[in-house]
Amino acid sequence: MTVDARMSGNLASATGSITIDLGRVGANWKALAAKVRPAQCGAVVKANAYGLGADRIIPALARAGCSTFFIATPEEAETARKLAPNAEIYALDGLVGNSAAAFARQGVKPVLSTLDDVVAWSALCQSRSEKLPAALHIDTGLNRLGLPVRDVRRLAADPGLMAGMSLDLVMSHLASADNPRDPKNRDQLVAFETLSALFPNTRRSLAASDGLMLGAAYHFNLVRPGYAIYGGQASQIAPAPVKPAVTVAARILAVADVAPGETVGYSATWRAKRPSRIATIAAGYADGVPRTGSAPDGRPGGHVVIAGHVAPFVGRVSMDLVTVDITDLPNGAARPGEFATLIGEGLTVEDAGFAAGTIGYEILTRLGPRFTRLYIEDETR
Ligand SMILES: *Cc1c(COP(=O)(O)O)cnc(C)c1O
């Protein structure tokens, strides 16, 4: 691991670290914003900015020029409002519990996805005699959150349901935008064009990290990337103009020789076929290194990079530890106390996800609290 002069955080007794390059995060957002101009570019910072630390990511994005943030929950809204006092903030989960009054007070715009929520927000606005803004989430085929077509038409036919409020944005979300060839993209685009036209003079938003790579037709007024800002590649085919911003490393605790025939780890799933050297690394499934990334015989699992060399996981990933085969590394390359790289140096979050039968998003957002977060400050700070 390289130590950067602009780095903040303390590694002294850490078992593992996540290093987040705030300048790179800002640069990624700027590159996405440039790609979609004249559409606007927001930033999705839900789930503590994909696990990277909303307290550092939101201000860094604001310094890069981002003024529109999407979070999911009321608690995240409160945090985001403190960190970005003047930004537009949208709450994707909509009105949860009794959050409406807090949203009104904080100037947070709920993303409404049921008629009941539309009516509730409208009533709150009327009781306060304030036309407070909200977004409307319409479903165009994901069948997850969003007003179904029937309710969209009902609302359009009876605008009185929205009488008290100000409709600020109409949005929908794509199911298959990670595959540009999937005809579902086109179907949802057409559905969104048709349904959003029922709310004239309202800003529109359809695309996330993968959708914005489908071309300008998908950009509308505002795009909502999250993953790509943090350096993730959401599309299977069209690479986003971003670079990795996150590296993850964990301490090598021990290096040991294992004789042929000996096994490594729980349930003895890996057996040495030759005289082997095994390094034990201080990160496990409690830290978000998925147990499904274990490498039972015959199937490749996860990898680490040690002193520039790739070493494969062997045996089961356990709660606090993974074991890797360093037999093919030069003698002395793996030293206890040094760090092994889990993500970085050519190992992407997508690689880590693939090795565990999941996606990079899940790897990123589940990295646990035992990793010390280190931040490389951006230049403008
Ligand atoms: C999470 C989310 C996004 C961001 O998605 P990425 O793939 O991370 O860019 C955008 N819109 C909605 C509705 C979301 O839930």
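Counting starts at 1 for both ligands and their atoms, in listed order.
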Problem set entry | salt bridge (charged side-chain N to carboxylate O under 4.0 Å, His left out) against Arg181, all qualifying residues, sequence neighbours excluded | none
Exercise. Any chance CZ of Arg370 has more than 12 other-residue heavy atoms, nucleotides or ligands included, within less than 6.0 Å?
Worked result: yes
For this session: Indicate yes or no: does Lys109 engage Glu88 in a salt bridge with an N to O separation below 4.0 Å.
Result: yes
Problem set entry | Short N-O contact, Glu78 and Arg105, less than 4.0 angstrom | no
Problem set entry | Other residues, nucleotides, ligands: >12 heavy atoms within 6.0 Å of Arg128 CZ | yes
For this session: Run through ligand 1 for me and note each protein residue having a heavy atom under 4.0 Å from it, chain first, then residue number.
Result: Val44, Lys46, Tyr50, Leu92, Arg144, Met171, His173, Ala208, Ser209, Arg224, Pro225, Gly226, Tyr227, Tyr361
For this session: Report, as yes or no, whether the 6.0 Å neighbourhood of atom CD on Glu75 holds more than 12 heavy atoms from other residues, nucleotides or ligands.
Result: no
